[in-house]
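What follows is a single structure, written as structure tokens, with notes after it.
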Amino acid sequence: MADNKTDPRQWTSEKPKKSGFYYYRQSNDEEPIVLKVELLDDREGPISVVWLPGDNAAEPLEKCHGDWAGPIEPPAS
């Protein structure tokens, strides 16, 4: 269970507006997972999708109702 008092991530219910990897949780007492968010251009205009861990199919970002933190920066090398 995530402890909000010691979690340094800045959580927001606002959906990501740029591509990248983000922490996502559906509720405060749920362990966050990492999702890949991609902004794509299709025939109807720009859309946002998320890739779930271990899944080969993308889901529309609009279906993800929860909190976000990120984007996650890659570790410095």
Any side-chain heavy-atom pair of Y24 and V34 under 4.5 Å:
no
Using 0.5 Å steps for rounding, measure from the CG atom of D67 to the CD atom of E30.
9.5 Å
I'd like to check L40 versus V49 (side-chain heavy atoms, cut-off strictly below 4.5 Å). Are they in contact?
yes
What is the minimum heavy-atom distance between W68 and E14, and which atoms define it?
CD1-O, 3.6 Å
How many angstroms lie between NZ in K36 and OG in S19, if you round to the nearest 0.5 Å?
8.5 Å
Spatial distance of atom NZ (K17) from atom OG (S48) [nearest 0.5 Å]:
9.0 Å
Shared hydrophobic cluster for W51 and L39 (ILVMFWY, side-chain gaps under 4.5 Å)
no
Looking at every heavy atom in both H65 and K15, which two are closest together, and how far apart are they?
ND1-NZ, 4.1 Å
Which heavy atom of R9 sits nearest to which heavy atom of A69, and what is that distance?
CB-CB, 3.9 Å
Looking at side-chain heavy atoms only, is the closest gap between P71 and F21 below 4.5 Å?
no
Provide the closest heavy-atom pair for P32 versus R25 in the form atom of the first, atom of the second, distance.
CA-CB, 4.2 Å
Minimum heavy-atom distance Y22-P16, with the two atoms named:
CZ-CB, 3.5 Å
